[in-house]
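As structure tokens, the structure follows; a few thoughts come after it.
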Amino acid sequence: MIHRFLTRFNLNRALLFVAVVAVVVYFLPRTDRVQYSYQTGRPWIHPLLTAPFDIPVYRDSVSTRELIDSINETFDPVYKINMAPRDTILARVRGCRSLSFQQRVRLQADIDTLYAHGVADTDNAGRLRETRRMAVINDRLVTIRDASRVRSQRQAYAWIDSVVRDPSSRHALQEMQLSRLLLPNLSLDTVENGRLYNERVQPVTAAISVIQQGERIIDRGDIVTPQLDMILSTYETMAADRYSLTSGQRLYTLLGQVLMGVIIMTLVYLYLYLYRRDIFDNIRSLTALVILFLGFYVLAVVASGATVMGVFLVPFAMIAILIVVFFDSHTALFLYLLEVLVCACFTTYSLEFFFIETTVGIATIFSMRELSRRSQLLRTAIIVFGTYVLSYLAIELMATAAINTFSWRVVGYFAINMVLITFAYILIFIFEKVFGLISSVTLVELTDINTPLLKQLSEQCPGTFQHSMAVSNLAATAAARIGANVLLVRAGALYHDIGKINNPAFFTENQYGVNPHDALSPEQSARVLHNHVSDGLRMADREKLPRVLRDLIAQHHGCGKAKYFYSKYQQQHPDEVIDESLFTYPGPDPQSREASLLMMADSVEAASRSMTDHSPEAISELVNRIIDSQVNDGLHRESPLSFRDIQQAKEAFMARLRTMYHSRIAYPPSTQK
């Protein structure tokens, strides 16, 4: 098995493998610091931690902030006083000869009063009026003064203008241009202000005690208080300075991360190889899964780096939704769990994160099953939100034994997550267009018989349309029995014979008494039959049907023969070497379980129409003969269909045909009196 696995491990898959490992390792957090995962108000989940060296104990951030806020409220800013602007104005007033002695004395008194209260620039004046106190330094002497009367330059000029009333004094002030002379005499002393402020703050920020070497810091189960949070932060900072990783240790760390990435991708590849070979062999599908895995991984790294609980903003449930829609629920669960496992490596509370996201993923897969209506996506988003809240509540109650630690902010993250999930339709559309995938929603839309192509088939080829409907029911029953894609095989059955629209009369189900093949040679008739496959593919291309449906159209006859005309040619030319390619469909043979089921159902349904005996024994003989003939001809050799699947498909066909051809009650003829 390992040899076959490595044989299929070609260059493209190898490049994808290396790319995923490189991205995972690149975004994994790396640090030279000793770091623990913890959160204030939650229990310490690590073993007993003792001090490997003396650790100073500082006040916790909350207490420190409160004390500093108190200092800020009571601290008086220190200002320098400069009386030069006052002296300049007084000298001008004393030298003004147009004023009387009494006027000069009164004006000088007003100027003294103004500068005694203080004049400052606009910003400082507003700040001082709010604090209402200030410290003034004058000749190295600091005094506390009332700051409520400090004025700005504009306010000072307005005050002088209001107290000076006599016209001669006002005229004298205008002549000396008082507005230009009225300069501030108070300015902030940044040096002294900083010194005094630091003197008051330093005792608050200084260490209040010391945890000595060997002393207990915290033990498992202890609640991380704000004070312990500060001690742990101090310990981590000091440990980083003392115990930084060497180059060899960094190399080992990197090697471990690379090994983790290799293990994860090996598990992904082995799972797909063993259980979903169709995805492993299809490089587009494999690339889609890889991009989905990496995209949400990088998104989780970015979100967790932004905030501690930011990882819960990432809608991981969309991974499960997309994989269920395009592939199956088992693959969705496997890849979802691996995604959550990798992301748990860098989250703050790994175990809690893994529990919450795992329950959410399982709930998502249970609620999705098959996405066929938009309302299902909204219902899933609501279920995801409820699962998030209940899981988070369970973790909080179990960890803290209290309800007051329940954070509504985290619930808000869950609500945003729920809204983001409703946009999954956009991602579904993008993945369909970019990677050629097909979702169950698209398949449901394509199975609507009112689509233009199916409507044309029903109008121009009514017999073929009824045959396609019957094949659809047969194939869907068998697909449900073996766990294949029911919607895909149903849609493929409806479209597999659309090529008959070009020549409806050449196919038995559409003939009414006249058979055009009577005028053709066997090889010409075989060519007409073969053409319905190529014609169907051209129609499918024109209608832009998904690639997977075009594959079913091409493979529903595989490389089988038009046996009726092949036998007829043999009878007419018994001694000739027959060119079998003239009677062989272009193929290829079925490459998927759905294509094999469609081939079986198509042949069984067509053959059942010519039966005259519809007993259970006759139906069983017909089904076994047709399917065994296909198997013996090697038509299903390239399909992943197992012998068990074939047997279950036979049983499903038999049960369905018995229901279709069950005998009815014979009503007695009516009698007339």
Side-chain angles (χ1 to χ4, degrees), residues 29-72 200-245 300-313 343-356 392-413:
R30 284 182 289 275
T31 179
D32 287 343
R33 299 181 59 184
V34 177
Q35 285 187 316
Y36 290 96
S37 296
Y38 63 90
Q39 189 175 354
T40 304
R42 302 289 298 276
W44 178 257
I45 60 175
H46 305 286
L48 171 66
L49 178 63
T50 57
F53 42 77
D54 291 347
I55 301 174
V57 177
Y58 300 93
R59 289 183 176 86
D60 63 84
S61 57
V62 176
S63 301
T64 302
R65 186 72 264 168
E66 289 176 353
L67 290 173
I68 290 178
D69 288 343
S70 176
I71 291 173
N72 291 337
R200 296 190 60 181
V201 169
Q202 188 175 6
V204 174
T205 58
I208 56 177
S209 63
V210 174
I211 296 179
Q212 296 182 352
Q213 182 177 357
E215 190 176 347
R216 174 184 182 275
I217 299 177
I218 191 170
D219 200 356
R220 189 191 302 272
D222 292 347
I223 300 299
V224 181
T225 62
Q227 183 64 63
L228 283 172
D229 178 66
M230 177 61 69
I231 295 171
L232 291 169
S233 178
T234 304
Y235 163 71
E236 289 178 346
T237 302
M238 295 179 67
D241 296 334
R242 294 173 179 235
Y243 309 126
S244 59
L245 297 179
V301 173
V302 174
S304 62
T307 176
V308 174
M309 306 298 284
V311 71
F312 289 113
L313 288 171
C343 293
C345 294
F346 54 80
T347 54
T348 302
Y349 278 85
S350 302
L351 183 60
E352 289 84 344
F353 168 79
F354 187 80
F355 169 75
I356 292 174
Y392 172 63
L393 179 61
I395 289 293
E396 287 296 313
L397 292 176
M398 183 174 61
T400 64
I403 195 64
N404 57 352
T405 59
F406 189 82
S407 172
W408 290 104
R409 182 179 181 182
V410 176
V411 175
Y413 289 168

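All of these numbers come straight from a predicted model, not from anything done at the bench.
- Without hydrogens or angle criteria, Arg59 side chain to Ile208 main chain gives no donor-acceptor distance under 3.5 Å.
- Among residues two or more places apart in sequence or in another chain, the side chain to side chain donor-acceptor pair (under 3.5 Å) test is passed with Ser63 by Asp60.
- The distance from the CD1 atom of Ile217 to the OG1 atom of Thr50 is 7.0 Å, given to the nearest 0.5 Å.
- Residue Val204 comes nearest to Arg200 through the heavy atom pair CG2-O, 4.0 Å, listed as atom of the first residue, atom of the second, then distance.
- Heavy-atom minimum distance, Thr234 versus Pro56: CG2-O, 3.9 Å.
- Residue pairs meeting the side chain to side chain donor-acceptor pair (under 3.5 Å) criterion with at least one partner in residues 221-231, sequence neighbours excluded, are Arg216-Asp222.
- Rounding to the nearest 0.5 Å gives a distance of 11.0 Å between CD1 of Ile55 and OG of Ser209.
- Proximity of Leu49 to Tyr235: side-chain heavy atoms (C-beta onward) are separated by under 4.5 Å at one or more points.
- When every heavy atom of Ala300 is checked against every heavy atom of Cys343, the shortest pair comes out as CB-SG, 3.8 Å.
- Separation of atoms CD1 (Ile395) and CE (Met398) is listed at 4.0 Å; rounding is to 0.5 Å.
- Counting only heavy atoms from C-beta outward, the side chains of Ile231 and Ile218 never approach each other to under 4.5 Å.
- A distance of 4.5 Å separates CG in Asp69 from CZ in Arg65, rounded to the nearest 0.5 Å.
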Point to revise | Test side chain to side chain contact (heavy atoms under 4.5 Å, CB included) applied to Ser70 and Leu67, step by step | key: CA-CA 5 Å; Ser70 176; Leu67 290 173; 5.5 Å; no

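- Taking CZ from Phe355 and OG from Ser350, the interatomic distance works out to 15.0 Å, rounded to the nearest 0.5 Å.
- Here the closest heavy-atom approach between residue Tyr58 and residue Thr205 is recorded as CD2-O, 3.2 Å.
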